[in-house]
Amino acid sequence: MSNFKTVYIYAPHAKEREAVKPELETLFNRLNIEIVDDKRTADIVASIGGDGAFLKAVRDVNFRDDCVYLGIATANKTHFYADFHVNHLNELEDAFLKDNFDPRRYPIIEVRVNDNQPVYCLNEFTIRSSIIKTIRMDLYINNFLFEHFMGDGIVVSTPTGSTGYNKSLGGAVVDPLIHAIQVTELASVNSNTHRTLGTSFLLQKERPLTLLIDKSVDYYPILALDNEALGVTNTDKIEIKVSDKFIRTLRLENNTFWHKTKRNFLQE
Ligand code: NAP
């Protein structure tokens with residue numbers, strides 16, 4: 001039997017929460033785990049819904065690294081973070097009873113805009129121009145000027161986020177055991193006068209990425225942390241790196257990142 005005593009349930013849709021509440025209460029009662037409202041101290045943070053709900057739950061508790069996250073899906077489809085399904089709560093109960101918890105650690109991204117307090121992403125950080133005009137910025141790796149970028153923007157993803165927006169842009173799928181960020185371009189201009197690498201690249205933890213935004217045009221860049229916009233005006237400098245923090249989820253048999261990748265993309 002596991003040592004978890006309390007669970008905080010995050011359900012962005014009240015309807016979903018009401019629909020699954022009775023079953024969850026019964027389950028957690030049986031496991032002697034109390035459902036609590038205090039998201040700062042709960043041992044478990046459980047999201048109800050798909051991966052979008054899971055991303056919001058992690059943000060809701062400010063990327064706490066002293067709890068375990070679990071996602072309980074309700075829709076009839078496969079997900080990446082939502083490992084359990086409300087129709088198969090016996091699998092979750094079994095994991096608790098057998099104390100089958102060898103938590104997986106997922107790397108996250110730390111972003112600092114204009115020397116403000118750091119903010120975090122579980123999937124990706126995105127910057128793009130909000131006007132019908134290309135954005136220009138200089139990309140530094142450590143303090144080394146790597147390239148002058150001109151295009152729609154860039155996406156910087158975590159390994160678990162590599163199967164999201166990054167994959168749609170042709171980026172590589174990255175094993176979460178590799179603690180790196182992946183930089184992927186959004187429609188870069190490549191011509192006789194402008195040149196970017198043109199492919200995604202990975203940066204290891206000791207190599208932070210810094211973006212210096214060209215101020216000669218007001219691009220009003222949109223900054224996004226996973227599925228939420230970051231409200232910052234006058235963005236000059238953005239520092240992005242692999243965080244020292246991780247989030248932890250439950251590790252179940254036959255449910256590695258690669259099992260999930262196959263389940264989501266390769267099975268009919
Ligand atoms: P959404 O726009 O409503 O849905 C995006 C889809 O991406 C959903 O099907 C979602 O799964 C799935 N997803 C989320 N994280 C994923 C991951 N790590 N690997 C594979 N699929 C993933 O937005 P949302 O549900 O709030 O999710 C936000 C994420 O959407 C962003 O972080 C970004 O990765 C992704 N996104 C993708 C594109 C694109 O591919 N063109 C554009 C913008 C954003 P669920 O159905 O389980 O929620």
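Counting starts at 1 for both ligands and their atoms, in listed order.
Residues Leu230 and Phe63 are members of separate hydrophobic clusters, defined by side-chain heavy-atom contacts under 4.5 angstrom among Ile, Leu, Val, Met, Phe, Trp and Tyr. No chain of hydrophobic side-chain contacts below 4.5 Å, direct or via other Ile, Leu, Val, Met, Phe, Trp or Tyr residues, connects Val155 to Tyr106.
Residue contacts with ligand 1, taken as heavy atom pairs separated by less than 4.0 Å, do not involve Lys56 at all. When non-hydrogen atoms are compared, ligand 1 lies under 4.0 Å from the side chain of Phe80 (C-beta onward) but not from its backbone.
Here the heavy atom of the protein found nearest to atom 40 (O) of ligand 1 is Ser168 OG, 2.5 Å. What sits closest to atom 45 (P) of ligand 1 on the protein, heavy atoms only, is Asp51 N, 3.5 Å. With respect to atom 47 (O) of ligand 1, the closest heavy atom belonging to the protein is His79 ND1, 2.5 Å. Residue, atom and distance of the protein heavy atom nearest to atom 9 (O) of ligand 1 are Lys77 NZ, 3.5 Å. What sits closest to atom 27 (O) of ligand 1 on the protein, heavy atoms only, is Leu55 CD1, 4.0 Å. When hydrogens are left out, the protein atom nearest atom 26 (O) of ligand 1 is Asn227 ND2, 2.8 Å; that is the closest non-hydrogen contact. For atom 16 (C) of ligand 1, the closest non-hydrogen atom of the protein is Asn123 ND2, 3.7 Å.
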Start with the C-alpha gap between Thr196 and Glu185, add the side-chain angles, then the distance that decides, and say whether side-chain hydrogen bond (donor to acceptor under 3.5 Å, both in side chains) holds.
-> CA-CA 9 Å; Thr196 62; Glu185 301 177 349; 2.8 Å; yes
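Under the 4.0 Å distance rule, the nearest protein heavy atom to atom 11 (O) of ligand 1 falls inside the cut-off. Distances from atom 34 (O) of ligand 1 to the protein include at least one heavy-atom value under 4.0 Å. There is a protein heavy atom closer than 4.0 angstrom to atom 37 (C) of ligand 1. Protein heavy atoms all stay at least 4.0 Å away from atom 30 (O) of ligand 1. The protein does not reach atom 6 (C) of ligand 1 closely, with no heavy atom under 4.0 angstrom from it. There is no protein heavy atom less than 4.0 angstrom from atom 23 (O) of ligand 1.
Annotation: cation-pi geometry satisfied between Lys167 and Phe265 (NZ/CZ under 6.0 angstrom from ring centroid, within 45° of ring axis). Cation-pi geometry between Lys245 and Tyr120 is met: under 6.0 angstrom from the ring centre, within 45 degrees of the axis.
Ionic pairing of Glu93 and Arg30 is present here: one or more N-O contacts between side-chain nitrogen and carboxylate oxygen are shorter than 4.0 angstrom. Residues Arg104 and Asp83 are paired through a salt bridge, judged by an N-O separation under 4.0 Å between the basic side chain and the carboxylate.
At least one N or O atom of Gly52, backbone or side chain, sits closer than 3.5 Å to an N or O atom of ligand 1. Considering both main-chain and side-chain atoms, Thr78 never comes within under 3.5 Å of ligand 1 through any nitrogen or oxygen pair.
The heavy atom nearest to atom 32 (O) of ligand 1, out of those in Glu124, Lys260, Lys167, is found in Glu124. Selection from Tyr165, Tyr106, Phe54 by nearest heavy atom to atom 41 (N) of ligand 1 gives Tyr165. Selection from Thr160, Leu122, Thr163 by nearest heavy atom to atom 20 (C) of ligand 1 gives Thr163.
For Phe246 and His179, the distance between ring centers is under 6.0 angstrom.
Side-chain atoms of Asp214 come within 3.5 Å of backbone N or O of Ser216 as a donor-acceptor pair.
Relative ring orientation between Phe257 and Phe80 is described as tilted, the plane-to-plane angle lying within the 30° to 60° band.
The contact set between ligand 1 and Gly50, taken as ligand atoms under 4.0 Å from a residue heavy atom, comprises 47 (O), 48 (O). Against a heavy-atom cut-off of under 4.0 Å, Asp226 is close to the following atoms of ligand 1: 32 (O).
Checking each of Val7, Thr6, Ile35 against Ile44 for a side chain to side chain contact (heavy atoms under 4.5 Å, CB included) leaves exactly one that passes, namely Val7.
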